[in-house]
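Taking it in order: structure first as structure tokens, then the write-up.
Please read all numbers here as calculations on a predicted model, not as lab measurements. Letters A, B, ... are given to chains in the order of the sequence lines, protein chains preceding strands, and every chain is numbered from 1.
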Amino acid sequence: MLTTKPRGINDILPEEVWKWQYIENRLRDLAGRFGFQELRMPIFEHTELFQRGIGDTSDVVEKEMYTFTDRGDRSLTLRPEGTAGVARAFVENKLYSGTLPGKYYYIGPMFRYDRPQAGRYRQFNQFGVETIGGHEPAIDSEVIAFAYEIFHGLGLENVLVHLNSVGCPTCRKAYRAVLQDFLRPSLGQLCDTCQNRFERNPMRILDCKSKHCHELIQGAPTITQYLCEDCQKHFEQVKAILDGMGISFKINQGLVRGLDYYTRTAFEITAGKEGSQSALCGGGRYDNLIEEIGGPALPGIGFALGMERLLLVLDQQGIPLPKPDLCDVFVAGLGENAEIITSTLCHQLRLAGLRVQRDFQGKGLKAQMKAADRYAAKIVLILGDEEINRQVLICRQMWNGEQTTIEIKDAASFVVNTLSAIEVEGEMK
RNA sequence: GUGGUUGUGGCGAAGUGGUUAACGCACCGGAUUGUGGCUCCGGCACUCGGGGGUUCAAGUCCCCUCAAUCACCCCA
């Protein structure tokens, strides 16, 4: 072949896509129940939106963006995440003039130039929500409850909410100084990356997976000890509401989200799987982002989940998803005389709302029966010369092999009735 | 960006320098002249991810490259 798909990019084939559709439908339904509306933003934006929004020191901006120049010499970037785009759309369309907080969700592909791995791809899909214009702790809790319910509702085991507060610029400034004081004596022993982080973003050192660094940061002061009064109160209230809703969570003081815009509440959700790519969902509050990109000073909070990772754990945990029926009726026409009648019949059945398959290659009855079986057709209609001469056809019920001869003109209504009858029977069981 | 493993038909998988590249599943056809799921029989890779090299001879050795995968990093 001429070429293959680019690295880290995947086709989602029909045999797989029904799972996606099922989950997407559930997500949309759940979003509606929580009062969120869909917002579709573009796949690419001006590069500076992500640079300013996500933060220059983040890995995403530093080394993972798909940035290109268009024919007008503009620097554009394929969106690596959704929040910045929603924020931009919110400001640009002056959505702050509506009822606040605005509650939006999005679903679609994101792009990051990473080394691909299980559960990590260069084009991956996220479902995310954002609420903009509310600072109340109840909003944090509602967003976390929504995220939790997505996973819980699908039947996943060991769903765990990791919760932390990363403070606001005021308390973070104080904490940053304390943390640097703590680390300074062992600065030389930290890994290269962490030495780099020391000035630029010392809180990220707490997140370092290197064993050596991990030992050195034992006993480090935690941000929660240095939260200002407002942040502390906010955090306590979020926890209290979650308790009240019966949503369990675990405080994880090492949880520092990778994007620079986060303030106060930060959370992540995992489901059993330990180690790499275990985060199914990540989110948090971003109280300065909207203002940062030139909008009014409105706070926000949201999360995003990775569809590929969700599908992966569902599979690992053996959670069955309902597979839709692909075929109600297979029309088996035999010989040239059946051609027009077969086509017409298929069309009528489809107009009657049925899923219909047929053969186009003039195969024998045996081969057509085999095909019908593979389509998992519930009913096969057989049309040969004998039947056509008498203007009838044979209706075979594949689940029990029973056959009835009926008139061609009655076929559609007969099939509809037969199928609705067995559906009712199925429901009664 | 770093390190490890892998790459043979649609899929899984033998083959460890030497004639026609096992086998299983799937697929197609037949046994059952007009009827699926079982059984039996038959068919199905000018070719071993791509390129170059070593050799009388390479799927088998070497180099490069691409891709997958795992770990690190990071994150969804």
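Side-chain contact annotation: A:R358 with A:S343, donor-acceptor N/O pair under 3.5 Å present. Side chain to side chain, A:E130 and A:Y286 meet the donor-acceptor criterion of an N or O pair below 3.5 Å. When only modelled atom types and interatomic distance are considered, A:Q123 and A:N10 share no side-chain donor-acceptor pair under 3.5 Å.
The nearest whole Å value for the distance from the CG atom in A:N400 to the C1' atom in B:G36 is 13 Å. Residue A:R358 contributes atom CZ, which lies 19 Å from atom C1' of B:G36 at whole-angstrom precision. For A:E268 and B:A76, the CD to C1' distance is 9 Å, given to the nearest whole Å. The CZ atom of A:R122 sits 19 Å away from the P atom of B:C73 (whole-angstrom rounding). Spacing between atom CZ of A:R115 and atom C1' of B:C73 amounts to 11 Å, rounded to whole angstrom units. Rounding to whole angstrom units, CD of residue A:E64 and P of B:G1 are separated by 12 Å. Across the protein-nucleic acid pair, A:Y262 atom OH and B:C75 atom P stand 10 Å apart, rounded to whole Å. Here the P atom of nucleotide B:A76 and the CG atom of A:L156 are 18 Å apart, to the nearest Å.
As rounded to the nearest Å, B:A13 and B:U8 have C1' atoms that lie 9 Å from one another. Comparing B:U69 with B:G9, their C1' atoms are spaced 22 Å from each other, to the whole Å. B:C61 and B:U55: their C1' atoms are spaced 10 Å apart (whole Å). A gap of 12 Å separates the P atoms of B:A31 and B:G36, to the nearest Å. Straight-line distance between the C1' atoms of B:A45 and B:C41: roughly 22 Å, to the nearest whole Å.
You'll find that the side chain of A:D59 is closest to B:C73, out of B:A76, B:C73, B:G36. Each of B:C75, B:C73, B:A67 was ranked by its minimum atom distance to the side chain of A:Q117; first place goes to B:C73.
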Contact state string [nucleotides 25-35 of chain B, B base, S sugar-phosphate only, - no protein heavy atom under 4.0 Å]: --SS-----BB

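Under a 3.5 Å cut-off, the side chain of A:Q317 and the backbone N or O of A:L314 do not form any donor-acceptor pair.
A:R52 and A:E48 are not joined by a salt bridge, as no carboxylate oxygen comes within less than 4.0 angstrom of a charged side-chain nitrogen. A:K103 and A:E142 are joined by a salt bridge, as a carboxylate oxygen and a charged side-chain nitrogen come within less than 4.0 angstrom of each other. Taking 4.0 Å as the cut-off between side-chain N and carboxylate O, A:R264 and A:D140 do not count as a salt-bridged pair.
At a threshold of 4.0 angstrom between heavy atoms, the contacts of A:G128 with the nucleic acid are absent. Contact annotation for A:G82: no contact, since no heavy-atom pair falls under 4.0 Å across all strands. Within the nucleic acid shown, A:Y121 comes within 4.0 Å of at least one base atom, counting heavy atoms only. Residue contacts shown for A:A304 are limited to sugar-phosphate atoms, with no base heavy atom under 4.0 Å away.
Residues A:F68 and A:F44 place their aromatic rings such that the two centres sit under 6.0 Å apart. Residues A:F146 and A:F303 place their aromatic rings such that the two centres sit under 6.0 Å apart.
Looking at A:R120, its side chain has no donor and acceptor atom pair within 3.5 Å of the base of B:C70.
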Intra- and inter-strand pairs of RNA chain B in dot-bracket (Watson-Crick or G-U wobble, both distances under 3.5 Å; | for another strand): ((((((((.[[[..)..(....]]].(((((.......))))).....[[[[[..)....]]]]])))))))....

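Seen from the ring of A:F235, A:K239 counts as a face-on cation partner, given the 6.0 Å and 45° thresholds.
The shortest distance between the side-chain N/O atoms of A:R112 and the OP1/OP2 oxygens of B:C75 is not below 4.0 Å.
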